[in-house]
Amino acid sequence: MSKPIQGEMMYEGKAKRLYATDDPNLTIMEYKDSFTAFNGEKRAEMTGKGRLNNAISAEIFEYIKENGVPLHFVEKLDELRQLAVRVKILPLEVVVRNITTGSIVKRLGVEEGKRLPRPLLEFYYKDDALGDPIVTEDHALLFGWATEADLAEIKKITLRVNELLQKLFEPLGIVLVDFKLEFGKDRDGRLILADEISPDTCRFWDSSTGDRLDKDRFRKDLGNVLGAYEEIWRRLSGRKK
Ligand code: TMP
Ligand code: ASP
């Protein structure tokens, strides 16, 4: 495939910029060096973060694509950029939890660090002004954010991605605690996985030390934030394929 020509910026998010290309069906995602947490209240810039998330996310996308998950990711272009199929993002954040921590502990007062008997799936309405509130499937249906068929497909893909990610990370000594996915529709209306999968959007715990190897190091001021991202990249890129 000939290399796409980058066009104008279409959207700037907290962690990425999206650009048009000369192909209306494709977009370029550029990973930024910014960290944000708590709906953008806490911010920092760290040189190297964009490069690490691009590398990690591309490696994970390649692996799940090989395993048949429908995906917007096409290829990693360079240090900061990925080529992806242009999609219309559904306004839902889909969270899977294997172990209790984070907002579920705060919201429900359940014990921290407990492995759940099966993966717990949650939906959040993607709206910064509202602080991404948790919603039920019925909210998504009745307010037109997704159809019954979309929700069934989202659940199927999300649970499959959870299985694949655990299979990928377990041999690397990393526990997949929880993560967030976003979905979009391509020009034919097909539902596909979108956005990114990185230490920004997953919680990774070292299986022997319990060390946090993800954005919680930034959220909770644990220090050595980029060191944790580098460690994830070191283990992922060093694995035997
Ligand atoms: P939570 O415990 O804060 O709800 O987070 C659950 C998972 O979702 C965790 O892996 C981090 C990820 N996440 C995002 O990717 N973006 C967000 O805006 C939030 C709140 C969480
Ligand atoms: N992604 C959200 C923000 O940037 C929240 C988080 O990940 O903690 O504000």
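Note that the structure is predicted; figures quoted are calculated from it, not measured. Heavy-atom basis, side chains included; hydrogens, waters and symmetry copies ignored. The residues of the chain are indexed from 1 along the displayed sequence.
In this structure, the side chains of Val96 and Phe179 come closer than 4.5 Å at one or more pairs of heavy atoms. Side-chain contact check for Val177 versus Asp214: every heavy-atom pair is 4.5 Å or farther apart. Taking 4.5 Å as the limit, every side-chain heavy atom of Leu193 sits out of range of all side-chain heavy atoms of Pro70. Counting only heavy atoms from C-beta outward, the side chains of Val94 and Ile157 never approach each other to under 4.5 Å. Between Leu90 and Leu191 there is a side-chain heavy-atom pair separated by less than 4.5 Å. At a threshold of 4.5 Å between non-hydrogen side-chain atoms, the residues Ile99 and Asp178 do not count as touching. Counting heavy atoms from C-beta outward, Asp150 and Phe183 have side chains that stay 4.5 Å or more apart. Counting heavy atoms from C-beta on, the side chains of Asp221 and Lys42 come closer than 4.5 Å.
At distances below 3.5 Å, at least one donor-acceptor pair connects side-chain atoms of Thr21 with backbone N or O atoms of Leu26. Judged by distance alone, with hydrogens and angles left aside, the side-chain atoms of Thr100 form a donor-acceptor pair with the main-chain N or O of Gly113 at under 3.5 Å. Between the side chain of Asp22 and the main chain of Pro4, no donor-acceptor pair closer than 3.5 Å is present. No donor-acceptor pair under 3.5 Å is formed between the side chain of Arg81 and the backbone N or O of Glu30. With hydrogens and angles disregarded, a donor-acceptor distance shorter than 3.5 Å links the side chain of Ser57 to the backbone of Ile197. The closest donor-acceptor contact from the side chain of Asp127 to the backbone of Asp132 lies at 3.5 Å or more, if one exists at all. Checking side-chain atoms of Arg51 against main-chain N and O of Leu80 turns up no donor-acceptor pair under 3.5 Å. When atom types are taken as modelled, the side chain of Arg235 and the backbone of Trp233 share no donor-acceptor pair closer than 3.5 angstrom. A donor-acceptor pair is defined here as one N or O able to donate and one able to accept, closer than 3.5 Å; no such pair exists between the side chain of Lys16 and the backbone of Gly50. A donor-acceptor pair under 3.5 Å links the side-chain atoms of Thr27 to the main chain of Tyr19, judged by distance alone.
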TODO: Dump the intermediate steps for side-chain contact (heavy atoms from CB on, under 4.5 Å) on Glu137 and Lys155, then the final yes or no.
DONE: CA-CA 11 Å; Glu137 288 182 43; Lys155 286 192 273 186; 3.1 Å; yes

- [ ] Verify side-chain contact (heavy atoms from CB on, under 4.5 Å) between Leu176 and Phe204, making sure each step is shown before the conclusion.
- [x] CA-CA 5 Å; Leu176 177 68; Phe204 296 125; 3.8 Å; yes

TODO: Report the C-alpha separation of Glu45 and Thr47 in whole Å, then their side-chain angles, then the decisive distance to 0.1 Å, and conclude whether the side-chain contact (heavy atoms from CB on, under 4.5 Å) test is met.
DONE: CA-CA 7 Å; Glu45 289 290 307; Thr47 307; over 6 Å; no

TODO: Begin with the C-alpha distance, continue with both residues' side-chain angles, and end with the deciding distance and a verdict on salt bridge (charged side-chain N to carboxylate O under 4.0 Å, His left out) for Glu230 and Arg234.
DONE: CA-CA 6 Å; Glu230 262 158 27; Arg234 192 185 67 80; over 6 Å; no

- [ ] Check the pair Asp78, Lys3 against salt bridge (charged side-chain N to carboxylate O under 4.0 Å, His left out), reporting the backbone distance first and the verdict last.
- [x] CA-CA 11 Å; Asp78 52 34; Lys3 289 284 168 202; over 6 Å; no

Task: From CA spacing to verdict: side-chain contact (heavy atoms from CB on, under 4.5 Å), Arg115, Val175 - done: CA-CA 11 Å; Arg115 182 164 284 277; Val175 180; 3.7 Å; yes

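Legend: ring pair (Phe, Tyr, Trp, His ring centres under 6.0 Å) pairs involving residues 23-50, not counting sequence neighbours, sorted by first then second residue: Phe35-Phe218, Phe35-Tyr229.
A salt bridge is defined here as a Lys NZ or Arg NE, NH1 or NH2 lying under 4.0 Å from an Asp or Glu carboxylate O, and Lys32 with Glu12 meets this definition. The existence of a salt bridge linking Glu163 and Lys167 is excluded, since no basic side-chain nitrogen approaches an acidic carboxylate oxygen closer than 4.0 Å.
Transitive grouping of hydrophobic side chains (ILVMFWY, heavy atoms separated by less than 4.5 Å) keeps Ile154 and Val87 in distinct clusters. Cluster annotation: Ile28 and Met10 are assigned to distinct hydrophobic clusters (Ile/Leu/Val/Met/Phe/Trp/Tyr, side-chain heavy-atom contacts under 4.5 Å, transitive). Taken together through direct or relayed side-chain contacts under 4.5 Å among Ile, Leu, Val, Met, Phe, Trp and Tyr, Ile232 and Leu52 form part of one hydrophobic cluster. No chain of hydrophobic side-chain contacts below 4.5 Å, direct or via other Ile, Leu, Val, Met, Phe, Trp or Tyr residues, connects Met29 to Leu181. Cluster annotation: Leu83 is not connected to Tyr63 through the hydrophobic network of ILVMFWY side chains, with a link wherever side-chain heavy atoms come within less than 4.5 Å.
Closest approach of Ile89 to Ala194, counting heavy atoms only: CD1-CB, 3.7 Å. Contact record, Thr101 with Ile104: O-CG2, 3.4 Å, taken as the closest heavy-atom pair. Here the closest non-hydrogen pair linking Arg203 and Gly102 is NH2-CA, 3.6 Å. Closest of all the heavy-atom pairs between Leu159 and Pro119 is CD2-CB, 4.0 Å. The two residues Arg97 and Leu116 come nearest to each other via the heavy atoms O-CD1, 3.4 Å.
Between His139 and Phe143, the angle of the ring planes stays under 30°, which puts this pair in the parallel group of the 30/60° scheme. Ring geometry for His72 against Phe61 counts as perpendicular: the plane angle is over 60°, on a 0 to 90° scale with 30° as the lower cut.
Residue Arg107 places its CZ atom among more than 12 non-hydrogen atoms of other residues, nucleotides or ligands, all under 6.0 Å distant. When the shell of 6.0 Å around CZ of Arg239 is examined, it contains more than 12 heavy atoms from other residues, nucleotides or ligands.
One side chain, Asn162 or Asn98, offers a donor N or O that lies under 3.5 Å from an acceptor on the other. In this model, no donor atom of one side chain and acceptor atom of the other lie less than 3.5 Å apart for Asn54 and Glu79.
Of the options Arg219, Lys49, Lys180, a salt bridge (charged side-chain N to carboxylate O under 4.0 Å, His left out) to Asp200 is made by Lys49 and by none of the others.
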